[in-house]
Amino acid sequence: MSVREWLGVYLRGAAMGAADAVPGVSGGTIALITGIYGRLVTAIASLDPRAALALVGPAVRSPLDADARATVRDELVRMDVPFLVVLGVGLLSAVITVANLVQYFLDTHPVATYAFFFGLVLASVLVLAGEVNLGTPRRVAVAVGGFALAFLASGPAQSQLPTNPLVTFLVGALAICAMVLPGVSGSLILLTLGQYDRMTGAVHGTTAAVLAGDVGAASAAGATLVVFSLGAFVGLLTFARVVAWALEQYHAATLTFLVALMAGALRAPIRLSLADVGTLDAGVALAFLLPALVGVVLIVALERVGGGVVLD
């Protein structure tokens with residue numbers, strides 16, 4: 001691939017990262033719109049931990065002969081690792097930028113920010129609703145179960161989740177599953193579980209500490225991001241494949257569950273936006289409805305540009 005083509009991959013990754021950092025917008029949708037979704041899914045499916053471990057021997061051999069280099073290079077190209085690395089660098093750079101921006105708005109304009117998230121999620125549910133089929137009792141039960149699970153998980157109890165490394169690891173593994181599916185937001189999983197503000201805060205804290213040259217603070221905040229990333233990597237190799245398998249084997253039921261999950265999760269942005277509001281009045285309602293409308297318009301525009309989101 002040429003430098004221009006690799007730059008295109010990087011920019012697509014940046015667009016995905018910007019989307020993934022915001023609840024209600026799906027990086028998978030951006031991948032679909034920009035024409036790399038098929039390659040992304042194939043590359044993820046090609047990742048083989050056993051093959052990677054088999055490369056350790058040739059990679060550390062000293063001196064590294066031409067045959068060993070060719071073996072390592074060919075295997076990495078077969079798994080499309082260069083594509084994933086460049087895409088990942090673009091994604092990560094955008095996540096850092098957008099997460100810092102979001103943290104600023106959460107601190108200064110929480111009602112409007114969570115209202116914007118609500119609009120994004122609501123529109124995503126409406127866009128995907130056409131893909132849902134409630135034609136059988138099993139699918140109705142799956143929809144009710146998905147809605148109830150997300151509704152309960154996004155209640156006040158979610159703020160009581162411990163902030164230990166195990167929870168961070170598991171949250172990362174769950175979030176990455178949604179991030180690779182068009183229409184489903186990984187950040188929404190974080191918001192539902194009460195971890196979104198914590199993770200954007202960790203990104204902001206790490207960035208601020210690095211810029212200030214405070215190694216200790218950067219290490220403390222960065223440790224959370226490292227554990228989250230490890231969970232995301234494991235999730236990519238395990239849970240994400242399970243979700244892909246479920247979509248392939250039980251497409252209608254799985255999609256119904258995912259959309260119902262998103263609908264139930266609408267409780268989270270509403271509850272969080274009104275947490276510090278004393279009295280509901282016309283001013284508060286307007287402050288909520290206008291950003292929500294902006295979020296709806298944004299998702300509808302993305303859906304039209306992409307020609308519709310289809311999880312096939």
Answer yes if the ring centres of Tyr196 and Phe117 are under 6.0 angstrom apart, and no otherwise. yes
Could you name each residue pair satisfying side-chain hydrogen bond (donor to acceptor under 3.5 Å, both in side chains) that touches residues 110-122, not counting sequence neighbours? none
Which heavy atom in Ala173 sits nearest to a heavy atom in Ile176, and how many Å separate them? O-CG2, 3.2 Å
Quick one: which residue pairs count as a salt bridge (charged side-chain N to carboxylate O under 4.0 Å, His left out) with a foot in residues 94-118, not counting sequence neighbours? none
Do the side chains of Leu87 and Tyr10 get nearer than 4.5 Å, heavy atoms only? no
I'd like to check the side-chain hydrogen bond (donor to acceptor under 3.5 Å, both in side chains) partners of Thr168; sequence neighbours left out, ordered by chain and number. Arg198
Identify, with sequence neighbours excluded, every residue that meets side-chain hydrogen bond (donor to acceptor under 3.5 Å, both in side chains) alongside Arg138. none
Quick one: side-chain contact (heavy atoms from CB on, under 4.5 Å) partners of Val98, sequence neighbours excluded? Ala18, Ala21, Val22, Val102
Return a table of donor-acceptor pairs under 3.5 angstrom between the side chains of residues 253-263 and protein atoms on other chains or two or more places apart.
unit_1, atom_1, unit_2, atom_2, d
Thr254, OG1, Ala246, O, 3.1
Thr254, OG1, Tyr250, O, 2.8
Thr256, OG1, Ala252, O, 2.7

Test of understanding: with salt bridge (Lys or Arg N to Asp or Glu O under 4.0 Å), list the residues that count as partners of Asp197, not counting sequence neighbours. none
My understanding is that only residues two or more places apart in sequence, or in another chain, count here; which of them pass side-chain hydrogen bond (donor to acceptor under 3.5 Å, both in side chains) with Asp214? none
Could you pull out all residues at least two apart from Phe118 that satisfy ring-ring contact (aromatic ring centres under 6.0 Å, His included)? Phe288
Run the side chain to side chain contact (heavy atoms under 4.5 Å, CB included) check on Val284 and Leu274 step by step: do they pass? CA-CA 9 Å; Val284 173; Leu274 302 179; 4.2 Å; yes
Residues that, via side-chain heavy atoms closer than 4.5 angstrom, fall in one hydrophobic cluster with Leu211: none
Exam field: side chain Ser273 to backbone Ala115, donor-acceptor pair closer than 3.5 Å: no
Check whether Phe228 and Ile96 end up in the same hydrophobic cluster, where Ile, Leu, Val, Met, Phe, Trp and Tyr are linked by side-chain heavy atoms less than 4.5 Å apart. yes
Going through the checks in order, is the side chain to side chain contact (heavy atoms under 4.5 Å, CB included) test met by Val294 and Leu298? CA-CA 6 Å; Val294 173; Leu298 177 60; 5.6 Å; no
Qualifying residues under side-chain hydrogen bond (donor to acceptor under 3.5 Å, both in side chains), relative to Thr200, sequence neighbours excluded: Gln103
Show which residues join Leu290 in its hydrophobic cluster (side-chain heavy-atom contacts under 4.5 Å, direct or indirect), or state none. Leu286
If I compare all heavy atoms of Leu225 with all of Ala202, which pair ends up nearest, and what's the gap? CD2-CB, 3.7 Å
Judged by atom type as modelled, is there a donor-acceptor pair below 3.5 Å linking the side chain of Arg12 to the main-chain atoms of Gly8? yes
